[in-house]
Structures are given as structure tokens and as C-alpha cells.
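All residue numbers in this chain count up from 1 along the given sequence. This is a predicted model, so every value here is computed, not measured.
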Amino acid sequence: MARLGILHETRYSYARPVGFGAHRLLIRPRDSHAIRICEASLQTSLPGETRWTYDAVGNCVCWFTPKGEADSLTITSRLVIDRFPAPLTSLQIDDPHTISPIVYSREDRAVLNPFITPATDDDDRVLLRWLRRQMERPDEPAIDFLLRMNATIHDTFAYKARPEAGTQTPAQTLSSGEGTCRDFAWLMVEALRRLGYAAVFATGYIYSGPTSALRGAGATHAWCEVFLPGLGWTEFDPTNGLAESPDLILVAHTRTPNEAKPISGTILNDPGEAHLSVKVEVRLLDTLEAAA
């Protein structure tokens with residue numbers, strides 16, 4: 001178990017003062033058996049009302065409406081969390097047995113259906129052709145297949161950070177051979193959905209220690225979660241080739257990347273030229289021997 005400190009600072013600056021509508025903040029993890037929040041604070045450069053809710057899939061959401069007008073807005077979240085890892089090693093997994101088809105119970109499938117249905121089109125069958133090349137044998141255990149796909153994306157695609165908003169379609173990532181963490185996560189999510197897996201787009205933070213060189217540190221990170229009978233939601237990070245890693249800190253999981261924006265909102269009036277800067281720091285505070 002490790003205790004981590006997280007700083008997430010977002011600053012918007014505008015050429016002219018603007019007013020502000022409601023802003024949706026998706027920046028706080030939910031307490032779970034994997035993460036315990038020890039300290040949390042939220043600071044904003046403007047006063048305003050905040051209201052905390054959970055969305056339809058259980059993500060923790062803060063609604064913040066700044067008051068007045070200004071030519072900048074800064075939102076700073078500080079967290080201290082305890083992270084409880086749950087490694088996949090040494091697990092005896094009997095279900096599911098194969099990658100095709102994966103079998104969910106009727107009760108699970110009633111909940112999982114929205115996350116099994118693909119959210120993108122594949123008109124030119126670019127994704128389907130790539131997916132067929134990943135298939136080896138029909139009786140391959142699901143966990144082996146998922147780990148292999150995770151490693152394949154990590155090994156065969158070039159990582160290229162992209163400050164612009166938006167996520168590439170799986171076809172765009174396959175055609176270009178490169179992308180950022182959100183592109184690789186979305187490629188894996190949509191590929192697995194076409195095989196009948198329930199998969200979601202996961203977003204949060206990643207801890208990269210002084211001796212590691214994990215991609216995606218210094219910003220919000222994205223990966224894929226897959227629902228497996230007997231294991232539940234299981235994390236795969238194709239950007240770094242990680243699975244159920246203690247370095248992944250989940251904030252939210254959503255059906256599509258568009259729903260996973262850390263901060264989204266509206267401004268009033270013409271801002272002129274606008275700039276966005278984001279700073280994320282994750283540091284180790286302590287290592288703890290005992291689990292909760």
C-alpha cells in the first residue's frame with residue numbers, strides 16, 4: 001500500500017473578461033477498496049457555489065458556477081490518497097474460458113449492455129481487419145488475450161503527446177500508427193466491444209516514480225477497463241503495457257472519452273484569444289505496511 005499526494009491545477013486565461021456558466025469537474029476519485037481518500041481540497045480563483053453529486057455510473061462529480069467576470073479561472077485540486085494494489089498474478093481464473101464468445105450472466109448483461117455496444121462506426125472495416133489479426137486461437141483464456149492485446153498496442157504504436165482536445169477514432173489511430181494515451185485506450189475499448197466484452201474508457205492519474213519512465217505522467221491519463229466474470233472491472237493500460245497496476249489512480253470511467261473530460265463548462269461573452277494550461281503532479285508520500 002502507498003500513500004500518494006496529487007496536485008491537479010487547471011488554468012484558463014482569456015484576452016477579455018468573461019462571465020461563467022456551470023462547470024462540471026471530474027477530478028475526485030471515489031472511495032473504494034482500491035483507493036481511500038485521506039485529504040481533499042478544492043481551490044478556485046473565483047468565488048462560486050459548488051455542489052457534489054454522483055453521475056449515472058457512480059463517478060464523483062462537482063458542479064461549480066463561478067461568480068462575476070474575470071480574464072482567467074484557475075481550479076486546483078489537492079488530494080492525499082492511500083492506494084491498495086490488487087495484482088493479477090497468482091490468480092486462478094476459471095471464467096470466462098474463451099475470448100469468443102465471452103459469456104456474462106443475464107443479470108450482469110442487463111447492466112453491461114451499454115458498454116458492450118460499440119460507440120463508433122467502422123465503415124471501412126479498418127478496426128475489424130486489425131482485430132482479426134489479433135486472434136490466435138478460439139480457446140485462448142480471456143485474461144491471456146487481454147494482456148496480449150494490451151502489450152501489442154504498447155509495442156506497435158508510437159506514443160505522441162497531443163495538447164489539442166479530442167480523441168482519435170480507432171481507425172485514425174490504426175492508420176497513423178501513433179497516438180496519445182486516450183487514443184490507445186479508446187482503440188482497445190472499441191476493439192473489445194466488437195468481441196462482446198464490456199469495456200469502458202477510464203481516466204485518472206498515473207504515478208511515475210523517479211526511476212520509471214511511464215508515459216502519460218504530468219497530465220491526466222487514460223486507460224481501458226474490462227468487466228470479467230469473477231474479477232469485475234479490470235484495468236489495462238495499453239499506453240504503458242500495464243494491467244491492474246498500483247500506479248493507476250482511477251477518477252472516473254465512462255462510455256465514451258467525451259464524457260470523461262476532467263473539467264467542462266461554459267463561458268459568457270466573447271473571450272478573444274483563449275489559453276488552457278494543465279499541471280498534474282503525483283508524488284509518493286509514504287509506503288504503508290498494513291492494508292485497510
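For Arg11, the side chain to side chain donor-acceptor pair (under 3.5 Å) partners are Thr74, not counting sequence neighbours. Residues that satisfy the side chain to side chain contact (heavy atoms under 4.5 Å, CB included) test with Ala119, not counting sequence neighbours, are Trp186, Glu190, Arg193, Arg255, Thr256. Applying the side chain to side chain donor-acceptor pair (under 3.5 Å) rule to Thr220 yields no partners; only residues at least two apart in sequence or on another chain are considered. Residues that satisfy the side chain to side chain contact (heavy atoms under 4.5 Å, CB included) test with Thr156, not counting sequence neighbours, are Thr152. For the salt bridge (charged side-chain N to carboxylate O under 4.0 Å, His left out) test, no residue two or more places apart in sequence or in another chain qualifies with Lys261. By the ring-ring contact (aromatic ring centres under 6.0 Å, His included) test, Tyr205 pairs with His8, sequence neighbours left out. Partners of Leu46 under the side chain to side chain contact (heavy atoms under 4.5 Å, CB included) rule, at least two apart in sequence or in another chain, are Phe20, Pro66, Ala70, Leu73. For Arg30, the side chain to side chain contact (heavy atoms under 4.5 Å, CB included) criterion is met by Tyr54, not counting sequence neighbours. Shown here are the side chain to side chain donor-acceptor pair (under 3.5 Å) partners of Asn269, two or more places apart in sequence or in another chain: Glu69. Among residues two or more places apart in sequence or in another chain, the side chain to side chain donor-acceptor pair (under 3.5 Å) test is passed with Asp71 by none.
A salt bridge is defined here as a Lys NZ or Arg NE, NH1 or NH2 lying under 4.0 Å from an Asp or Glu carboxylate O, and Arg36 with Asp82 meets this definition.
Counting only residues at least two apart or on different chains, no ring pair (Phe, Tyr, Trp, His ring centres under 6.0 Å) pair has a member in residues 116-144. Pairs passing the salt bridge (charged side-chain N to carboxylate O under 4.0 Å, His left out) check and including a residue from residues 216-235, sequence neighbours excluded, read Arg83-Glu235.
Between Phe227 and Tyr104, the ring-plane angle classifies as tilted under the 30° and 60° cut-offs. Classified by interplanar angle (parallel below 30°, tilted 30° to 60°, perpendicular above 60°), the ring pair His253/Trp233 is tilted.
Side-chain atoms of Tyr12 and Ile267, non-hydrogen and from C-beta on, never get closer than 4.5 Å to each other.
Atom-to-atom distance recorded for Asp183:CG and Tyr159:OH is 9.5 Å, nearest 0.5 angstrom.
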